[in-house]
Structure formats: structure tokens, C-alpha cells
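First the structure, in the form of C-alpha cells, and then the observations on it.
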Amino acid sequence: MDEKTIIVTGGAGFIGSNFVYYMLKKYPNYRIICLDALTYAGNLSTLKKAMENENFRFVKGDIRDRELVERLFEEEKPDIVVNFAAESHVDRSIENPQLFLETNIMGPEVLMDACKKYGIKRYHQVSTDEVYGDLPLDRPDLFFTEKTNLHASSPYSASKASADLVTLAYHRTYGLPVSISRCSNNYGPYHFPEKLIPLMIINALHDKPLPVYGDGLNVRDWLYVEDHCKAIDLIIHDENSVGEVYNVGGHNEMANIDIVKLILKELGKPETLITYVKDRKGHDRRYAIDPTKITTRLGWEPETKFENGIVKTIKWYLDHKDWWEEIISGDYQNYYQKMYGDK
Ligand code: NAD
Ligand code: DAU
């Protein structure tokens, strides 16, 4: 395998950090540069082990900072850029849409301009299944394919859909070699405590109420984070994937309430902790991915079954209390109070 330099933006967050570790292990001769602004969602402690690897470099910076981005491209001459950097939490986008539009649309634009200027071989935009909107609960025969119309519901998903359109426009207009992956909900190590699975694990451990939105019947299609990393690895190394969009998901649809009950069971906590709270505004009902394209074209298959992945994940949170205790001890408490105080 020849040597490559890859810039991973947002590599101090949940999926980006898992991708950094995945790539450092799989490609010992690659240079991996993480560019991350270290927002509330980015944690340097997550990258502690990566810092010990001489093939890894961390750069603190904002993907919207054109000067900094160009300087980094000039210095590192990357072959590939994988953009994970984004504001990623739907509930926060409902409170502050502007930040989401600025980061999630203008950020990719700055990165792609630099890719164009420096002749980068691939720009990969990490997108989401949320760009397709939602599916009804009473039509289990329906799935998102790459041909499904974009139909975003939240300011977050609208910003991601916009970025996808800009990415495809850069391919068509400037011939930029881009690719896009639209993945379903990830779970696994380093998932920020504001998201459903870690939030429920942490609240249960503290015998705090588990806030389930609405009727708890909303369905998400869960994928173990490493399987997402494998999908991106396949796409960025496939020359025929330039200009292509791939859906990524493992046919693992589950209602929120069933996930919450499973977590309580695994932790030996009572279901009386479950508290139904006010629903999320515009709450998407069901996501379900049809991954036929990536399976048939690139041979991708999810490897971790949910029943094993969720047990591994719960164990990870039990074994890494120091990681999340530090996060929830700071500003997170204000966030929690603001978002859940009057629900
Ligand atoms: P995350 O919120 O855990 O991490 C985001 C990272 O981006 C953080 O490290 C943060 O510091 C960094 N960041 C934010 N704004 C930045 C900026 N302006 N400049 C540089 N860095 C910045 O997010 P995640 O859950 O790991 O998601 C990563 C990507 O994957 C996002 O693009 C998201 O839309 C997409 N995605 C997430 C999921 C999921 O289930 N979490 C599923 C599909 C797609
Ligand atoms: O589908 C991919 C998307 O998955 C990514 O693009 C997003 O970045 C990621 O955050 C995730 O979005 P969701 O909105 O699906 O994830 P979240 O963990 O916020 O919520 C999952 C479900 O659980 C959703 O139906 C809302 C519900 N929920 C969430 C929280 C935080 C609750 O019932 N209670 C909660 O406290």
C-alpha cells in the first residue's frame, strides 16, 4: 500500500476519532492529520493515544478559517480530505440554526476551495441519512436509497443536505473529485453524552430519569461506528467512486423505547426510571437505509451485530467513566438544565 496523507476534520469528535484510530491501525504508513476546532463536542483526551503515534498530527482550527486551511494544505499536501467536522446535534440546531448553517455549509465550501486550489485527489463529505427526511412507521417496506429526494426536517439536516448539494456542484462545475456517504445513526465509544444512547447509559448509572421524547416509538437504524469507518475507508480508496453518493446502514431499525429498555436491562436498573417528555420539534419518525449500492459495488457489510455492539458500548462507558465524567462536569450541566429542565 503506498503512502498517503489524509486530513481528517472533526477528528476529536465521536465518529472522526474512531476513524482516526481505525486508519492509524489499518495503514501504519499513512500520515493522518486531524483538524478540529475543539468545540464543546471535541475532546483532546479522546485523541490521547493517537498523539503517541508519530504518523499523527493534531491541528486546532476551524474549517471555516480559509487562511488556516490553506496553510495546512500547503504544509501537508494531503492526498485525501475526509470531512467529519460539523455541528451534529439536532436539538441544538433547533435552538441555534445559524451556527449549523455556518459550520455545516460554509465549512465544506472552504475545504473544497482548498482541495480545488491544491489539486487534492479526493474530498469526502461525511453526510447523514437525515437529508432524506423521514419515513412513516406504517410502511416498513420503504427505505432510503441514493435516489430518494432530499427532504430535510431540522436545521441540522437542512444544513447537511445543503452541503451535499454544494459538494456535488463542485464535482459537476469544477470537476473536483468528491464522494459522499450518508450513514444512519452510529453508536459506540466516544459518543458525546448529549446523544440518546450515551445519555441513557449515564442517566441510568446515576439513577436519574431517562427522558424519552414523545411516545418513544420513533425508529432509528443503528450502526456500530467501526462499520461506518470501514465504509468510508472503502469509498475513499475506490477510484470509481468519484462523484458517487453511498447510503450506509445495517438494517437494524429499533424504536427508541426498546433501546432504552435494553440499556436498563443490561445495567440492572428499573424501567420506572423511564420518563416520557415533550417531543422534539419536527421529530423525524423513522429512518431506514437501503445499503444495496455500497454492498454490491464495494463489498461493504456491517460486521458488528447490534446485540453485541450495544453490550460492548455499555461496557466501554462503564470502563471509561473518567472520559465522560469530565465532559458532564462542565458546561454540559447548563446544557442539560436548559434542554431538559422544563420538558
Ligand atoms: P460530533 O459532534 O461528535 O463531532 C464533531 C466534531 O467536529 C467535534 O470534534 C468538533 O469539535 C468538530 N467541529 C465542529 N465545528 C467545527 C469547525 N467549524 N471546524 C473544525 N472542527 C469543528 O459529531 P459526530 O457524531 O462524530 O458526527 C461527525 C460527522 O458525521 C458529522 O458531519 C455528522 O453530520 C455525520 N454523521 C453523524 C452520525 C451520527 O450518528 N453521529 C451519523 C451520520 C453522519
Ligand atoms: O441519522 C443520523 C443522525 O443520527 C446524525 O446525522 C446526527 O448527527 C446524530 O445526532 C443522530 O441524530 P438523531 O436525532 O437520530 O440522534 P439523537 O441521539 O439525538 O436521538 C436519537 C433518537 O432518540 C431520536 O428519535 C430522538 C430520541 N431522543 C434523543 C435524546 C437526546 C430521546 O428520546 N431523548 C433524548 O434525550
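In each ligand, atom 1 is the first atom listed, and ligand 1 is the first ligand listed.
- Distances from atom 25 (O) of ligand 1 to the heavy atoms of F14, Y40, F100 put F14 nearest.
- Of all atoms in ligand 1, numbered sequentially from 1 with element shown, those under 4.0 Å from a heavy atom of A12 are 9 (O).
- In this structure, a donor-acceptor pair under 3.5 Å is present between the side chains of N218 and R285.
- Only backbone heavy atoms of L38 (N, CA, C or O) come within less than 4.0 Å of ligand 1; its side chain stays farther off.
- For the ligand labelled ligand 2, residue E194 lies inside the 4.0 Å heavy-atom shell.
- Nearest-heavy-atom check against atom 44 (C) of ligand 1 across G16, S127, A86 picks out S127.
- Counting heavy atoms under 4.0 Å from ligand 1, residue R182 does not touch it at all.
- Note: F84 and F19 have tilted aromatic rings, judged against thresholds of 30 and 60 degrees for the angle between ring planes.
- Using a 4.0 Å cutoff on heavy atoms, M339 does not count as a contact of ligand 2.
- Here is the list of ligand 1 atoms found below 4.0 Å of a heavy atom in T103: 15 (N), 18 (N).
- At a 4.0 Å cut-off, not a single heavy atom of F192 sits close enough to ligand 1 to count as contact.
- Classification of R286 and E253 as a salt-bridged pair holds, one side-chain N sitting under 4.0 Å from a carboxylate O.
- Taking D79 as the reference, K4, T5, K121 meet the side-chain contact (heavy atoms from CB on, under 4.5 Å) condition, with sequence neighbours excluded.
- Taking 4.0 Å as the cut-off between side-chain N and carboxylate O, K147 and D290 do not count as a salt-bridged pair.
- Of the candidates D91, L196, I197, the one placing a heavy atom closest to atom 21 (C) of ligand 2 is L196.
- Those atoms of ligand 1 with a heavy atom of G42 less than 4.0 angstrom away are 8 (C), 9 (O), 11 (O).
- Exactly one residue among F14, F192, Y224 makes a ring-ring contact (aromatic ring centres under 6.0 Å, His included) with Y187. That residue is Y224.
- Under the rule for a side-chain contact (heavy atoms from CB on, under 4.5 Å), the partners of S162 that lie at least two apart in sequence or sit in another chain are I105.
- A heavy-atom separation below 4.0 Å is not found between G11 and ligand 1.
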